[in-house]
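One structure below.
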Amino acid sequence: MSEKELRRSRSVFPIGTVMKLTDLTARQIRYYEEQDLIHPLRNEGNRRMYSLNDIDVLLEIKDYLSDGINMAGIKRIYELQENKEKAREQEVNKVMTDDDVRKILQDEFLAVSGLSAKTANSFLNQNRIG
DNA sequence: CTTCTGACA
DNA sequence: TGTCAGTA
């Protein structure tokens, strides 16, 4: 992991700061954590401490929400990203071609996003494997 | 004063 | 999701 990635992973912001930076309520921020979309650490006093990465995700969630995607859909999107990373990590022992993976991801995404094929393709292209 | 968990008039 | 309670 690079130094830059480590910095963005440092949990240093209390929820109050995150609220101001994202315009989300504490209730919403904690709810998204329950949905495993963000993983803030706890300090000595059991207070949640958020990283720059957590804040980025929160901002992305806001965008997806404003695009009309529900929580289930958003969770699916992040699950797809995890699968994409795993696929990349296991590229050595891959049994499927990138196009096979791409087709599977697209079908899953279309099934839950409620977005048009055009928009879905745009999303997939931005996160293309390979 | 800020944040946390649990609960719902 | 808002909000109130009782803490830490």
Item to check | Complementary nucleotide for C/dT3 - Watson-Crick or wobble, under 3.5 Å | outcome: B/dA7

Item to check | Partner nucleotide, any strand, of B/dC1 [Watson-Crick/G-U, under 3.5 Å] | outcome: none

Next on the checklist: Pair A/Asn43, A/Arg47 - check side chain to side chain donor-acceptor pair (under 3.5 Å), show working.
Outcome noted: CA-CA 5 Å; A/Asn43 63 14; A/Arg47 265 72 222 277; 5.5 Å; no

Figure out the [atom1]/[atom2] separation between [X] and [N], and round it to whole Å.
| X | N | atom1 | atom2 | answer |
| --- | --- | --- | --- | --- |
| A/Ile29 | B/dT3 | CD1 | P | 10 Å |
| A/Asp23 | C/dG2 | CG | P | 12 Å |
| A/Met19 | C/dT3 | CE | C1' | 13 Å |
| A/Ile61 | C/dT1 | CD1 | C1' | 15 Å |
| A/Asn46 | C/dA8 | CG | P | 12 Å |
| A/Arg48 | B/dT5 | CZ | P | 4 Å |
| A/Phe13 | B/dT3 | CZ | C1' | 17 Å |
| A/Gln28 | C/dG2 | CD | C1' | 10 Å |

Checklist entry - Are any of A/Tyr32's side-chain N or O atoms less than 4.0 Å away from OP1 or OP2 of C/dT1? => result yes

Checklist entry - At under 4.0 Å, does any side-chain N or O of A/Arg27 touch on OP1 or OP2 of C/dT3? => result no

Checklist entry - Which one, C/dT1, C/dG2, B/dT3, comes nearest to the side chain of A/Arg30? => result B/dT3

Item to check | Ion pair check, A/Arg76 and A/Glu79, cut-off under 4.0 Å | outcome: yes

Next on the checklist: Under a 4.0 Å threshold between the charged nitrogen and the carboxylate oxygen, would A/Arg7 count as salt-bridged to A/Glu3?
Outcome noted: yes

Next on the checklist: Measuring from atom CD1 of A/Ile55 to atom OG1 of A/Thr22, what distance do you get when rounded to the nearest 0.5 angstrom?
Outcome noted: 7.5 Å

Checklist entry - Toward the 5' end of DNA chain C, which comes first, A/Arg47 or A/Met71, by nearest nucleotide? => result A/Met71

Checklist entry - Starting at the 5' end of DNA chain C, which residue's closest nucleotide do you reach first, A/Leu65 or A/Gly45? => result A/Leu65

Next on the checklist: Heavy atoms only, 4.0 Å cut-off, all strands: where does A/Gly16 land among base, sugar-phosphate and nothing?
Outcome noted: sugar-phosphate

Next on the checklist: Could you tell me if A/Asp63 and A/Ser66 have a donor-acceptor pair between their side chains, going purely by distance under 3.5 Å?
Outcome noted: no

